[in-house]
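Structure record follows, encoded as structure tokens.
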Amino acid sequence: MGCCETKEASGEKYMESGALAGGAAEDSGSDELEQSEDDRPCWEKKGDFNADDFIFEKLSDQVVGKLPGEVGGQGFDIDSCKGCDIYIFDQIDSAQIDDCVDCRIFIGPCKGSVFLRDCTNCKLVVACQQFRTRDCHNIDVLLHCKTQPIIESSDNFRFGCFQFYYPELAGQFKQAELPMFMNDWSSIYDFTPGDSKHYKFLPVDCKVADVVPAPSVAELSGVEVDLGKSTVPNAVGERPRTVEGAGWGCLVGASPDLSMLFFAALATQGVVLVRTKEVSLKAADLHAIMGKDATVAAKASEGSVVGFWLNGPRCTAAAQAAVAAVVGAAAHVHVSGSSAAAAQESQRFAAKVELVMAV
């Protein structure tokens, strides 16, 4: 995986492609269509691949970043920085963050892994396929992670759910093939030796600006960051429950915008969103989960299925009220009819998710 590569190995990987290593690609013949300048990757527009464009190294007390389109799906390294605010407002392949102290870092949707090593007193907002750390101390992170986050030989971590917004972010999730509603941020796997846990959870009402604020320099002002909004919902995860009651449901074939409107409506009904999982399923799978009367199964061909877990009193009634409040939601949302049904259906759904993820 990319998270295990050294910087030297990453450089070699970039140089394997003739188009990257040699600058201008060889003429492929008049029979092939030529790419326009606007269609070419960011590094080809410059004529040469320059590894220095994909690293921030040995910086102190600076605000730096990359704008949407400037990384273009390449890997990125952040190394030996101190007291910096660093923003990668683009989708990337992988990221290695090494030997950083007192930094605040935003990493846009990452198709592969984000590997944090030998860092101290840092705060991050990260969206990735895999999140790993080693030999890190005093780290706060608002995380979106498709798989189980891993910490090793690290302590005093505090995790929270990813919250961030700028207009290009949803599209970058799609480019990075990172499902917006498949977030396992709180299922921490702690490799660190010892009997006690080496992580805690940030408060549910943690402010994004207290972790990574909006950039303060003119060079990044073109990114319309709005910390009052988020591209993905805020789920409480594995934090201890404060009230009784549980519910489950799913959105089938709903657009991301409709899904977020529904989750916003849920928040006004006095219930808590615990977690979401997103997966592609067939209508037959949905009937096996929810029964033959699951009318939303007909929408399975229109998009993915987003399962959601709820906590609080009157979960079923609250979720049904949220469905009624959002135009168009009724055709896409299934809500379990009781706590007992929620327990059974959510278990079946989770089993299907595990099968799909294992493939």
- Considering all heavy atoms of both residues, which atom of Cys136 and which atom of Asp118 are nearest to each other, and what is their separation? SG-N, 3.6 Å
- Lys229: side-chain contact (heavy atoms from CB on, under 4.5 Å) partners, not counting sequence neighbours: Tyr165, Asp226
- Query: Considering all heavy atoms of both residues, which atom of Gly270 and which atom of Pro313 are nearest to each other, and what is their separation?
  - Reply: O-CD, 4.5 Å
- Item | Value rounded to 0.5 Å, distance of CH2 in Trp309 from CG in Leu273 | 10.5 Å
- Query: Side chains of Tyr199 and Asp190: does their closest heavy-atom pair fall under 4.5 Å?
  - Reply: yes
- Item | Gln163 side chain vs Val232 backbone, donor-acceptor pair below 3.5 Å | yes
- Could I get the full list of side-chain contact (heavy atoms from CB on, under 4.5 Å) partners for Glu278, not counting sequence neighbours? Pro179, Phe181, Met182, Ser304, Val306
- Query: Which value, rounded to the nearest 0.5 Å, describes the distance between Met290 atom CE and Asp285 atom CG?
  - Reply: 10.0 Å
- Item | Partner of Asn138 by side-chain hydrogen bond (donor to acceptor under 3.5 Å, both in side chains), out of Asn121, Asp102, Asp155 | Asn121
- Side chain Ser153, main chain Asp135, donor-acceptor under 3.5 Å: no
- Query: Is there side-chain contact between Val125 and Val141, with heavy atoms separated by less than 4.5 Å?
  - Reply: no
- Hey, any chance Val335 and Met260 share a hydrophobic cluster, counting ILVMFWY side chains that come within less than 4.5 Å of each other, even indirectly? yes
- Query: Any side-chain donor paired with an acceptor under 3.5 Å for Ser154 and Thr192?
  - Reply: no
- Hey, can you tell me if Trp248 and Phe349 have their rings parallel, tilted or perpendicular (30° and 60° cut-offs)? tilted
- Looking at CD of Glu302 and NE2 of His332, how far apart are the two atoms once the value is rounded to the nearest 0.5 Å? 5.5 Å
- Message: Is there a continuous path of hydrophobic side-chain contacts, each under 4.5 Å between heavy atoms, that joins Phe157 to Val211?
- Response: no
- Message: Measuring from atom CG of Asp184 to atom SG of Cys145, what distance do you get when rounded to the nearest 0.5 angstrom?
- Response: 7.5 Å
- Ignoring hydrogens and geometry, is there a side-chain-to-backbone donor-acceptor pair from Ser255 to Leu258 under 3.5 Å? yes
- Item | Ring-ring centroid check Phe115 Phe131, cutoff 6.0 Å | no
- For Ala300 and Ala283, the nearest pair of non-hydrogen atoms, with its separation, is CB-N, 3.8 Å
- For the student: nearest non-hydrogen atoms of Glu70 and Gly65, plus distance: OE1-O, 4.4 Å
- Message: Has Lys277 got a side-chain atom pairing as donor or acceptor with Val353's backbone, closer than 3.5 angstrom?
- Response: no
- Message: Is there a side-chain contact between Ile107 and Tyr87 in this structure, where contact means two heavy atoms from C-beta onward sitting under 4.5 Å apart?
- Response: no
- Output the distance between atom NZ (Lys282) and atom NE2 (His287), rounded to the nearest 0.5 Å. 13.5 Å
- Message: Show the nearest heavy-atom pair for residues Arg241 and Arg239, with the distance to one decimal.
- Response: NH1-O, 2.7 Å
- Task: Using the rule that two of Ile, Leu, Val, Met, Phe, Trp, Tyr join whenever any of their side-chain heavy atoms come within less than 4.5 Å, decide whether Leu202 and Val272 are in one cluster.
- Result: no
- Are the side chains of Cys119 and Ile97 in touch, meaning some heavy atoms are under 4.5 Å apart? yes
- If two hydrophobic side chains count as joined below 4.5 Å and joins carry through other members, does Val71 share a cluster with Leu59? yes
- Is there a side-chain contact between Val305 and Val296 (heavy atoms, below 4.5 Å)? no
- With side chains defined as the heavy atoms from C-beta onward, is the minimum distance between Ile78 and Asp98 less than 4.5 Å? no
- Side chain proximity check, Ile289 to Lys352, heavy atoms < 4.5 angstrom: yes
- Query: Can you check side chain to side chain contact (heavy atoms under 4.5 Å, CB included) on Leu116 and Leu124, steps first, answer last?
  - Reply: CA-CA 10 Å; Leu116 194 69; Leu124 303 93; 4.1 Å; yes
- Query: Would you say Phe201 and Val212 are hydrophobically clustered, going by side-chain heavy atoms of ILVMFWY under 4.5 Å?
  - Reply: no
- Message: Quick check: do Trp185 and Gln148 have side-chain heavy atoms less than 4.5 Å from each other?
- Response: no
- Item | Any donor-acceptor pair under 3.5 Å from Ser336 side chain to Ser338 backbone | no
- Could you give me the CA-CA distance, side-chain angles and deciding distance for Ile150 and Phe191, then say whether side chain to side chain contact (heavy atoms under 4.5 Å, CB included) is met? CA-CA 7 Å; Ile150 297 171; Phe191 265 122; 3.4 Å; yes
- Answer yes or no: is there a donor N or O on one side and an acceptor on the other, between the side chain of Thr147 and the main chain of Gln129, under 3.5 Å? yes
- Item | Salt-bridge present (Lys111, Asp93; N to O < 4.0 Å) | no
- Message: Quick one: does any side-chain atom of Ser186 pair with a main-chain N or O of Glu238 as donor and acceptor, under 3.5 Å?
- Response: yes
- Task: Dump the intermediate steps for side chain to side chain contact (heavy atoms under 4.5 Å, CB included) on Leu178 and Lys146, then the final yes or no.
- Result: CA-CA 7 Å; Leu178 190 62; Lys146 183 179 178 181; 4.1 Å; yes
- Note on the structure: What one should report as the nearest heavy-atom pair of Ala246 and Cys315 is C-SG, 3.7 Å
- Item | Ring centers of His144, Phe164 separated by less than 6.0 Å | no
- Item | Gln175 side-chain N/O to Gly72 backbone N/O, donor-acceptor pair under 3.5 Å | no
- Task: Could you please spell out the steps behind the side chain to side chain contact (heavy atoms under 4.5 Å, CB included) verdict for Cys81 and Ile86?
- Result: CA-CA 9 Å; Cys81 295; Ile86 299 172; 4.2 Å; yes
- Item | Residues Arg348, Glu345: salt bridge by 4.0 Å N-O rule | no
- Query: Roughly how far, to the nearest 0.5 Å, is the CG atom of Leu310 from the CG atom of Leu266?
  - Reply: 5.5 Å
